[in-house]
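When a ligand or atom number is given, it counts from 1 through the structure's own listing order. Values reported hereafter were calculated over all heavy atoms of this structure, with side chains retained and with hydrogens, waters and symmetry mates removed.
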Amino acid sequence: MITLLIILLVLVVLVSVYFGVLLWFRDPDLNLRFDFAKLKAIPWRFGKDFLWGSATASHQIEGGCDNNNWFAFESAVDEQGKPRIKDGQKAGLACDSWNRYKEDTQLMKALSLNSYRFSVEWSKIEPKQGEFDQAALDHYDQVVDDLLANGIEPLVTLHHFSNPLWFEQQGAFLQDNSPQIFAQFCERVVQRLGSKVKLWCTINEPSIYAVFGYATAEFPPGEKDYKKAARAFRNMMLSHTAAYQVIKRIRPEAKVGMAVHIHFCDPLNPWNLFDVLVAHLLNKNMNDCHFPYLTKGHFSFSIPGMVNETYSGAEKNAFDFIGLNYYTHSYRKFQPSGSDHFPEVIKLPPDQLSDMGNEMYPAGLYRALKLITRYTSKPIYVLENGIADKADTRRARYIEEHLLVLNKAIADGMDIRGYQYWSLLDNFEWAKGFDMKFGLYKVDFDTQKRTLREGSRKYLEIIQKSKA
Ligand code: BGC
């Protein structure tokens, strides 16, 4: 009898510990979904100063980026001799936006956009270390002038995945002096554009740059080493701070932030403790870890038995806003054997996914905003959100549902100042080449003709409604 009681007691304790740990680590918003009919009943809360825009990046649209890490990667092959980019595609002339920027400004105007997020190409501005190209700086000055003349607020990104070759060859952000090297470049840009540009995004998605470049090998330099990924990530966060300091020294009135990619990894089986722990680990390292760094100066990227990269003592609160890039979420499971211990599992059939294979999950935008507001009450700008949808059957719904969620977040008191749709144009989607069609405007890459997609009209409609 006593033995039975002891066994029962042990079982109760074990079950309690199991579920206690599970609930402790499981995201309570895991199953958040919205009823869009209800969200539609919330009055429109986007103020008149709200920034409606679209986003691009230099290497993806400009053309002629032939002195950077991506240019080199586009000609490289992996260990099996396969090209790094799908079907060996190269960015080449891309959308030729270097020459067609005035035409692009008019495309924004036609959609009633009042802001534009674009990046300056470091390899064009500083083609050799310490040598700055005045013509390249003149070019961006003209782009900014053209935007302002058309009532469009420029939001300039200083680093969006592309490095000058000289910097890449030195070891890029693996170098512990990379923050100083990057800040010197930022200084020149801000000296030149700072009287006109009020909003600056220092670095785009350090987590993606670092992990894709050094752990999953999808981005240059195409390595598979989590220790390097963690070091690059850490140094990019430090580079943000160095850039923030230099910008504020030159232009104290500037508003400076970084673009953080938030992608929730949710447990495939929410009652399996191992799936829950894997999801927690990934979210902590890829999402949450930006915020203790930004608010408290403490960085930590750690996977037991694999990597433990930390840094303490960076300047606290060295940011004026958080830039949020949000697209989707994914499901993960724990796999004890094999090379990938936390593979992604797709639950939906392909016809319900974007062309990138992603689930449309607008509630995740709310979860991402909530995550940010747990750490800071500073303003938030959504700096990227969009869908690859060649058939243009899902774009309108994607835009509408995400903006309904954003409206709810504002109604709930979150300080959200802008939304940049990714992307203005179809463009070079990194390792996937030109196959992914994110553009509000379709681009015919033979003729460079831009055509508004039907689905994009929803964006115009919402902007007009918010201004009415
Ligand atoms: C990047 C963009 C990219 C987009 C769509 C973001 O992670 O910042 O450059 O094109 O995702 O995949």
Side-chain angles (χ1 to χ4, degrees), residues 53-63 65 68-71 73-74 85-86 89 91 94-95 97 116-122 155-163 173 201-213 215-216 218-220 229 232-233 236 240 257-265 286-287 290 322-330 344 353-361 364-365 368 381-390 394-395 398-399 402 419-443 445:
S54 63
T56 61
S58 53
H59 189 82
Q60 294 180 272
I61 64 158
E62 275 182 3
C65 296
N68 69 18
N69 55 338
W70 274 92
F71 177 76
F73 199 59
E74 286 158 22
I85 314 295
K86 183 165 180 282
Q89 296 177 73
C95 308
S97 291
Y116 178 45
R117 174 183 175 224
F118 66 99
S119 74
V120 289
E121 177 58 32
W122 184 1
L155 200 162
V156 175
T157 305
L158 289 155
H159 187 276
H160 195 128
F161 296 163
S162 52
N163 296 327
F173 289 97
C201 169
T202 53
I203 294 201
N204 183 68
E205 302 184 346
S207 57
I208 301 293
Y209 170 95
V211 170
F212 282 30
T216 67
E218 283 165 75
F219 281 12
F233 192 173
M236 285 193 112
H240 157 79
M258 76 185 309
V260 175
H261 185 98
I262 302 282
H263 173 120
F264 292 103
C265 290
M286 296 296 282
N287 298 334
H290 297 90
I322 297 290
L324 167 63
N325 291 4
Y326 174 78
Y327 288 88
T328 186
H329 77 150
S330 61
E344 187 177 336
L353 302 170
S354 79
D355 298 348
M356 293 280 279
N358 294 328
E359 191 185 317
M360 274 192 268
Y361 179 52
L365 175 59
Y381 289 88
V382 175
L383 292 186
E384 282 183 37
N385 176 243
I387 182 166
D389 177 19
K390 187 175 182 191
R394 294 145 291 176
R395 186 170 281 99
Y398 186 96
I399 293 175
H402 284 82
Y419 174 87
Q420 305 287 324
Y421 179 84
W422 184 272
S423 178
L424 178 68
L425 306 166
D426 290 342
N427 59 44
F428 180 73
E429 178 50 35
W430 307 116
K432 298 202 163 56
F434 289 100
D435 297 13
M436 294 298 133
K437 308 294 184 188
F438 277 93
L440 291 169
Y441 288 89
K442 175 181 170 181
V443 177
F445 289 100

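- In summary, of the residues considered (Lys432, Arg394, Lys437, Lys390), a salt bridge (charged side-chain N to carboxylate O under 4.0 Å, His left out) with Asp355 occurs for Arg394 alone.
- Set against the non-hydrogen atoms of Tyr327, the atoms of ligand 1 under 4.0 Å away are 4 (C), 5 (C), 6 (C), 11 (O).
- Counting heavy atoms from C-beta on, the side chains of Cys265 and His329 never come closer than 4.5 Å.
- Not a single heavy atom of Lys432 sits less than 4.0 Å from an atom of ligand 1.
- Atom 7 (O) of ligand 1 has as its closest protein heavy atom Glu205 OE1, 2.5 Å.
- In this structure, the protein non-hydrogen atom closest to atom 10 (O) of ligand 1 is Glu429 OE1, 2.6 Å.
- Trp70 pairs in a ring pair (Phe, Tyr, Trp, His ring centres under 6.0 Å) with only one of the listed residues (Phe212, Trp430, Phe161), which is Trp430.
- For Met436, no heavy-atom contact with ligand 1 is shorter than 4.0 Å.
- Counting only N and O atoms by type, the side chains of Ser119 and His159 include no donor and acceptor under 3.5 Å apart.
- Distances below 4.0 Å separate heavy atoms of Asn204 from the following atoms of ligand 1: 8 (O).
- The proximity of Ile208 to ligand 1, defined as any non-hydrogen pair under 4.0 Å, does not occur for either the backbone or the side chain.
- Here Phe445 and Phe434 bring their ring centres to under 6.0 angstrom of each other.
- With rounding to the nearest 0.5 angstrom, the NE2 atom of His290 is 6.5 Å from the CD1 atom of Ile262.
- What sits closest to atom 1 (C) of ligand 1 on the protein, heavy atoms only, is Glu384 OE1, 3.3 Å.
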**Q.** Residues Glu384, Arg117; criterion salt bridge (charged side-chain N to carboxylate O under 4.0 Å, His left out); working and verdict
**A.** CA-CA 9 Å; Glu384 282 183 37; Arg117 174 183 175 224; 2.9 Å; yes
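- For ligand 1 and His160, the ligand atoms under 4.0 Å from any heavy atom of the residue are 1 (C), 2 (C), 8 (O), 9 (O).
- Close approach to Met356 involves these atoms of ligand 1, each under 4.0 Å from a residue heavy atom: 12 (O).
- Checking only distances, Gln60 does come within under 3.5 Å of ligand 1, N or O to N or O.
- For the atom pair Asp389 CG and Ile387 CD1, the distance stands at 5.0 Å (nearest 0.5 Å).
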